[in-house]
Amino acid sequence: MKQYAFSKKYRIQKPNEFSYVFSHGKKFYTKHLTGICVSNDLSYFRFGISIGKKFGDANKRNRFKRLLRESFRTSTFRFLQGKDLVVLPSLKEKILDYQVLKEELNHIMQEMIKK
RNA sequence: AAAGCAAGGGAAGCGAUCGCUUUUAUGUUGAGCAUAAAAGAGGAAAGUCCGGACAUCACAGGACAGGGUGGUGGCUAACGCCCACCAAAAGCAAUUUUAGGGAAAGUGCCACAGAAAACAUACCGCCUGCUUCUGGCAGGUAAGGGUGAAAAGGUGAGGUAAGAGCUCACCGCAGGGGUGGUGACAUCUCUGGCAAGGUAAACCCCACCCGAUGAAAAGUCAAAUAGGGAAGAAAGAGGUUGUCCGCCUCGCCAUUACUUCCGGGUAGACUGCUUGAGCUUUAUGGCAACAUAAAGCCUAGACAAAUGAUCGCUGCUUCUUAUGAAGAACAGAAUCCGGCUUAUUCCUUGCUUUUAGA
RNA sequence: GCUGCAGUAGCUCAGUGGUAGAGCACCUCCUUGGUAAGGAGGGGGUCAUGGGUUCAACCCCCAUCCGCAGCU
């Protein structure tokens with residue numbers, strides 16, 4: 001059961017780490033999401049969400065982050081080593097659907113593995 | 001039944017699996033990790049519109065400037081909130097709303113229209129007299145017409161050359177007195193024939209209140225980096241060599257440099273950080289807001305920011321119907337309280353008006 | 001978390017309580033063989049929204065919505 005754990009250690013939290021990912025990462029696009037990926041020196045996969053004020057209220061932003069976090073937690077691609085991934089929402093089409101977000105996140109991670 | 005007004009309550013419940021944050025306990029350990037238990041968003045957490053607590057800075061006292069409040073009496077830590085009452089306005093009513101002091105302290109403004117918009121005045125009129133007589137001049141008057149949001153109380157009667165509070169009745173207004181009320185004010189009575197518009201959410205006057213900045217406040221530890229202050233050591237020290245001379249390096253007076261300390265403080269970490277004008281129940285005082293007393297309870301503390309996902313059963317609403325389907329709003333703590341405002345869903349109770357029936 | 005500014009025609013902006021305006025743009029006509037330029041005329045406004053004060057509000061007061069900027 002330990003395999004589904006997702007504590008703070010697996011998150012990107014510091015502003016310095018976010019800016020490093022934004023300046024050095026490779027981008028992957030889907031209809032509602034944008035993923036930025038970069039390699040790190042750690043032995044596990046780290047995940048971060050960046051969402052701005054233009055997406056909506058604090059309630060909508062919080063719900064978007066929770067749904068994406070749950071999608072990442074139950075995903076099967078999260079046992080790669082030495083990767084950092086930051087996910088951004090698309091501002092044109094705002095969506096709060098768990099199934100759609102989970103499929104698109106898996107699609108991004110598949111593309112990441114191929115490269 | 002419809003329309004409306006007011007008050008109050010809630011923000012579906014229980015359970016399962018996976019996962020997150022904090023605390024406690026145990027085990028182990030260098031940090032940490034593992035296991036178990038407990039707790040884990042709101043009525044508005046929102047807007048930041050007011051008032052406080054708390055922190056830092058400033059400050060003898062007082063005054064000016066600036067800002068705010070503005071019927072009366074209460075309540076409160078405080079308030080512009082709340083409660084009760086008074087007055088005015090809106091509504092058939094239940095009920096609601098009101099920055100509701102002062103215009104005789106002074107200044108300003110009142111477009112257009114109108115004769116005249118505030119030291120008053122007379123356009124059309126009405127009446128009297130004179131006259132050069134389809135007109136003009138002088139005087140009286142403010143009833144009527146007309147303008148305007150507003151023009152020297154209103155209606156009726158008397159009176160007059162025509163008129164006029166000129167006189168009278170009722171109503172309104174102003175002043176004095178009595179009674180009731182803590183008070184705003186109400187009511188009764190007497191006097192005055194009416195005293196000269198509005199605007200203070202225009203300046204202003206009066207009464208009362210207000211120091212500034214806000215937890216990203218403030219404090220502690222402290223890599224890095226630049227510069228500052230103080231102290232120390234030596235008139236030489238070190239190396240070469242067995243010793244001296246000699247040579248080399250550093251230093252001498254100053255600067256620089258060395259060591260130590262102080263001070264400063266970025267990234268980062270910690271404190272502030274949740275026991276408080278606290279919550280629930282009962283009793284008492286009060287019309288109420290609220291206050292007092294007793295008993296019980298501990299109830300989020302994150303920092304790119306924890307509450308999520310998938311299901312089952314029951315309950316609510318709607319539609320079809322006797323079984324299904326759909327729906328459940330506004331919205332997420334960020335130092336903490338008391339309010340206000342705004343967004344939004346469901347339910348309950350009371351009252352008013354109209355219609356229909358008994 | 002805190003603080004400030006703005007909202008007026010399709011766009012950029014004026015507007016000191018008394019009829020809402022300018023430039024560009026749009027439409028019609030003239031000019032030209034035709035177009036541009038030029039000339040003449042015209043249309044277009046919930047003054048962000050809702051209340052209040054006033055005889056009268058873009059303007060004064062209160063509340064809300066939306067946008068922008070600053071501190072950090």
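Quick note: numbers below take in every heavy atom, side chains included, and nothing from hydrogens, waters or symmetry partners. Below, chains carry the letters A, B, ... as their sequence lines are ordered, and counting in each starts from 1.
Look at A87(B): its Watson-Crick or wobble partner, with both distances under 3.5 angstrom, is U98(B). As the counterpart of A293(B), U282(B) is assigned, both hydrogen-bonding distances of the Watson-Crick or G-U wobble pattern falling under 3.5 Å. Under the Watson-Crick and G-U wobble criteria, each requiring two contacts below 3.5 Å, nucleotide U179(B) is paired to A186(B). Using N1 to N3 plus N6-O4 or O6-N4 for Watson-Crick, or N1-O2 and O6-N3 for G-U wobble, each under 3.5 Å, A138(B) pairs with U128(B). Base pairing analysis places A174(B) opposite U191(B); the two distances defining the Watson-Crick or G-U wobble pair are each below 3.5 Å.
Picking from A304(B), A333(B), A331(B) the nucleotide with the shortest atom distance to the side chain of F18(A) gives A304(B).
Each of R11(A) and S50(A) lies near RNA chain B, and the nucleotide nearest R11(A) is the one positioned closer to the 5' end.
When heavy atoms are screened at a 4.0 angstrom cut-off, I51(A) is found touching no nucleic acid atom at all.
Comparing U26(B) with G19(B), their C1' atoms sit 24 Å apart, to the nearest whole Å. For the P atoms, the distance from A90(B) to C85(B) is 22 Å, rounded to whole Å.
In the interface, the side chain of R73(A) is paired with the base of C18(B) through a donor and an acceptor atom under 3.5 Å apart.
Partners of D84(A) according to the side chain to side chain donor-acceptor pair (under 3.5 Å) rule, which considers only residues two or more places apart in sequence or in another chain, are N40(A), R46(A).
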